[in-house]
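First comes the structure, then the notes that go with it.
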Amino acid sequence: QSANTATRQSSWNAAVANYGKLLQLEQASRAELYLGSSIEIYLRRGIAFLGARQYQRAALDFQAARVAARTHGENLPEPQLLLAMALYLAGEPFIGNEFLDEAVQLSPDKELAQLWVGVAYSSISRALALHGQWENAAQAAREAARLRPILYDCASALGLYKKYLASNP
């Protein structure tokens, strides 16, 4: 089973193992399989770690993708945004916020960066709610609504989270 097939089938542990093999192959050959492949592999394995609920390991892979992108002279938003999500899910929302703030600061297009960060907060909010982390979900929804209130249904999500928190202290 290939890493991509495992990912499509939500076989997260198999995906993690297969992406790990690809990284080992690159490390053994001391070269990327193709230009930027290490970035892609770290991102994909990080996503598989998220699926497997191994958030700290996901964060490490997203950080590795971030470093690899910068080694190539790129400032890609995806590793930064996914790193923030992994940190939020790992129970480190303040550190996650720092990476999201940095994503806006480093971007030459602040408006576009705010859009990406607003989307990230919205996704983070939903993921946290699915994991029962209601207070952090509410905080992420507030941030999403603050950044891009017109584009997202964050206000209604925030209302639901507040109701849940009020009824389940």
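All values below were derived from every heavy atom in this structure, side-chain atoms included, with hydrogens, water molecules and symmetry-related copies excluded. Along the sequence shown, residues carry numbers from 1.
- Contact between Ala58 and Gly46 at its shortest, heavy atoms only, is CB-O, 3.4 Å.
- Counting heavy atoms from C-beta on, the side chains of Gln139 and Pro93 never come closer than 4.5 Å.
- Separation of atoms CG (Asn75) and CZ (Arg66) is listed at 8.5 Å; rounding is to 0.5 Å.
- Follow the hydrophobic side-chain contacts under 4.5 Å out from Leu83 and you reach Val104 in the same cluster.
- For the residue pair Ser122 and Ala144, the shortest heavy atom distance occurs at N-CB, 3.7 Å.
- Annotation for Ile124 and Ala84: closest pair CD1-C, 4.2 Å, computed over non-hydrogen atoms.
- Among Asp61, Thr7, Asn18, the single residue meeting the side chain to side chain donor-acceptor pair (under 3.5 Å) criterion with Arg45 is Asp61.
- Cluster annotation: Ile47 is not connected to Val16 through the hydrophobic network of ILVMFWY side chains, with a link wherever side-chain heavy atoms come within less than 4.5 Å.
- At least one donor-acceptor pair under 3.5 Å links the side chain of Ser123 to the backbone N or O of Val119.
- Judged by distance alone, the side chain of Ser125 and the main-chain N or O of Tyr121 form no donor-acceptor pair under 3.5 Å.
- In this structure the side chain of Leu35 reaches within 4.5 angstrom of the side chain of His72, judged on heavy atoms.
- Atom-to-atom distance recorded for Asn97:CG and Glu143:CD is 6.0 Å, nearest 0.5 angstrom.
- The nearest pair of heavy atoms linking Ala15 to Ala6 is N-CB, 3.6 Å.
- Once rounded to the nearest 0.5 Å, the distance linking CG of Leu128 with CD of Glu135 reads 11.5 Å.
- Both Ile39 and Met85 belong to a single network of hydrophobic side chains, linked directly or stepwise wherever heavy atoms of I, L, V, M, F, W or Y lie under 4.5 Å apart.
- The shortest distance between side-chain heavy atoms of Phe99 and Glu92 does not fall below 4.5 Å.
- Between Ser2 atom OG and Gln9 atom CD the span is 8.5 Å, to the nearest 0.5 Å.
- Clustering ILVMFWY residues whenever any of their side-chain heavy atoms sit less than 4.5 angstrom apart, transitively, puts Leu60 in a cluster other than the one holding Trp12.
- Residue pairs meeting the ring-ring contact (aromatic ring centres under 6.0 Å, His included) criterion with at least one member in residues 30-71, sequence neighbours excluded, are Tyr55-His131.
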Derivation and outcome, side chain to side chain contact (heavy atoms under 4.5 Å, CB included), residues Asn13 and Gln54:
CA-CA 10 Å; Asn13 292 328; Gln54 296 181 38; 3.8 Å; yes
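- Looking only at distances, a side-chain donor or acceptor of Ser29 sits under 3.5 Å from a matching main-chain atom of Leu25.
- Neither Leu106 nor Val67 shares a network with the other; the hydrophobic side chains, linked directly or stepwise wherever heavy atoms of I, L, V, M, F, W or Y lie under 4.5 Å apart, form separate groups for each.
- In this structure, OG in Ser37 is found 8.5 Å from CG in Leu23, a value given to the nearest 0.5 Å.
- Nearest heavy atom pair, residue Gln133 against residue Leu89, reads NE2-O, 3.4 Å.
- Residues Leu43 and Pro79 meet the side-chain proximity criterion, which asks for heavy atoms closer than 4.5 Å.
- Contact check for Gln80 versus Trp116: no side-chain heavy atoms found under the 4.5 Å cut-off.
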